[in-house]
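Below you'll find the structure, written out as structure tokens, and then a few comments.
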Amino acid sequence: MRGRADDQAGRAHSSGGQRARVDISAPAIERARELTRAEGLRNVTFERADAQDHRFPRPRASTLRFSRFGTMFFAEPVAAFANIGRALRPAGRLVIMVWQAHERNEWEVAIRQSLEAAEGPPALSPGGPDPFSLADPPAVTEVLEAAGFADVTFTDVHEPVYYGPDVAAALNWVRGFTSTSDALNQLDAAAADRALGRLRAALAAHTSDDGVWFNSRAWIVTAHRVDAGL
């Protein structure tokens with residue numbers, strides 16, 4: 001895992017050894033194409049699309065859809081997961097990776113505390129895309145069952161996340177988060193400088209010989225499609 005997924009991650013399916021990915025982010029698609037070309041992979045295709053309403057092909061052998069840190073940003077999660085499920089054969093698997101609650105993620109706590117302005121209300125507002133919208137297992141189970149899935153299971157993942165080789169690189173990464181830029185834009189110049197100073201200190205405190213690392217907690221959620229008539 002690496003950092004926060006502000007862009008919608010890819011959904012992939014397999015059929016006869018073929019792999020296809022859609023992603024709403026054009027830069028992510030182009031980077032993925034570069035990597036597959038470098039690896040000499042010829043059985044992978046990429047398309048820029050929104051998995052919430054994309055018309056996925058429906059091959060008979062479509063047995064798997066997966067996403068890493070993308071499905072948390074669905075505007076209508078039940079409808080979106082139902083759309084993804086339509087491209088799965090009965091009993092096909094959905095596997096997604098999502099963040100656990102924000103307070104269980106050291107990187108989120110450190111960033112949030114750094115950007116909170118002592119002279120005013122928290123700089124990080126609750127508006128906008130929520131990377132923790134699928135953190136609660138009962139709520140996620142309810143969403144997936146409503147979308148036509150069953151046998152929902154959760155596997156706890158407790159791994160460090162890498163933010164870069166040094167503080168400068170990590171700060172550049174964090175400043176690229178939509179939530180960070182929005183928070184800084186709410187502050188005047190002096191308050192923004194103080195917030196950035198706190199953020200640099202937090203990143204420095206998590207720097208080791210092999211870069212900047214934070215603890216994290218995520219779920220790997222697995223479910224199976226129930227009804228072929230979805």
Side-chain angles (χ1 to χ4, degrees), residues 1-16 18-26 28-29 32 44-102 104-105 108 126-157 159 178-179 216-230:
M1 297 180 292
R2 183 183 174 115
R4 186 188 303 206
D6 281 336
D7 291 319
Q8 187 167 293
R11 300 343 141 209
H13 71 273
S14 62
S15 174
Q18 296 297 310
R19 302 291 184 270
R21 169 176 171 166
V22 304
D23 197 303
I24 203 169
S25 167
I29 288 292
V44 185
T45 59
F46 301 92
E47 180 179 357
R48 185 184 181 191
D50 188 338
Q52 294 184 97
D53 53 22
H54 179 61
R55 292 180 63 86
F56 289 102
R58 290 159 173 74
R60 288 175 297 174
S62 183
T63 59
L64 172 67
R65 300 266 171 193
F66 72 86
S67 170
R68 188 184 70 165
F69 300 120
T71 57
M72 305 94 69
F73 304 112
F74 286 148
E76 299 291 339
V78 173
F81 284 118
N83 182 56
I84 293 170
R86 291 186 188 101
L88 280 170
R89 69 182 186 184
R93 282 192 306 149
L94 172 73
V95 181
I96 61 175
M97 196 170 197
V98 299
W99 295 119
Q100 294 188 27
H102 68 87
R104 305 198 74 190
N105 281 280
E108 160 69 10
D130 181 6
F132 306 101
S133 67
L134 298 180
D136 181 51
V140 174
T141 300
E142 183 177 347
V143 165
L144 291 177
E145 288 179 346
F149 290 90
D151 304 322
V152 184
T153 62
F154 296 80
T155 301
D156 181 26
V157 178
E159 295 288 344
T178 300
S179 57
S216 77
R217 298 298 283 262
W219 295 117
I220 293 178
V221 186
T222 301
H224 292 87
R225 184 186 177 192
V226 177
D227 183 6
L230 277 174

Note, [X] side chain near [Y] side chain (heavy atom, < 4.5 Å):
| X | Y | answer |
| --- | --- | --- |
| Thr63 | Arg93 | no |
| Val226 | Phe149 | no |
| Leu64 | Val95 | yes |
| Leu134 | Phe74 | no |

Spacing of [atom1] belonging to [X] relative to [atom2] belonging to [Y], to within rounding of 0.5 Å:
| X | Y | atom1 | atom2 | answer |
| --- | --- | --- | --- | --- |
| Arg217 | Gln100 | CZ | CD | 5.5 Å |
| Thr71 | Arg65 | OG1 | CZ | 14.0 Å |
| Ile220 | Arg68 | CD1 | CZ | 11.0 Å |
| Glu76 | Asn83 | CD | CG | 12.5 Å |
| Thr155 | Trp219 | OG1 | CH2 | 8.5 Å |

Of all heavy-atom pairs between [X] and [Y], which one has the smallest distance, and what is that distance?
| X | Y | result |
| --- | --- | --- |
| Ala101 | Ala135 | N-CB, 3.5 Å |
| Trp99 | Pro131 | CD1-O, 3.5 Å |
| Ala223 | Leu144 | CB-CD1, 4.3 Å |
| Phe69 | Phe73 | O-CE1, 4.0 Å |

Ignoring hydrogens and geometry, is there a side-chain-to-backbone donor-acceptor pair from [X] to [Y] under 3.5 Å?
| X | Y | answer |
| --- | --- | --- |
| Ser216 | Glu159 | yes |
| Ser67 | Ile96 | no |
| Asp136 | Ala139 | yes |

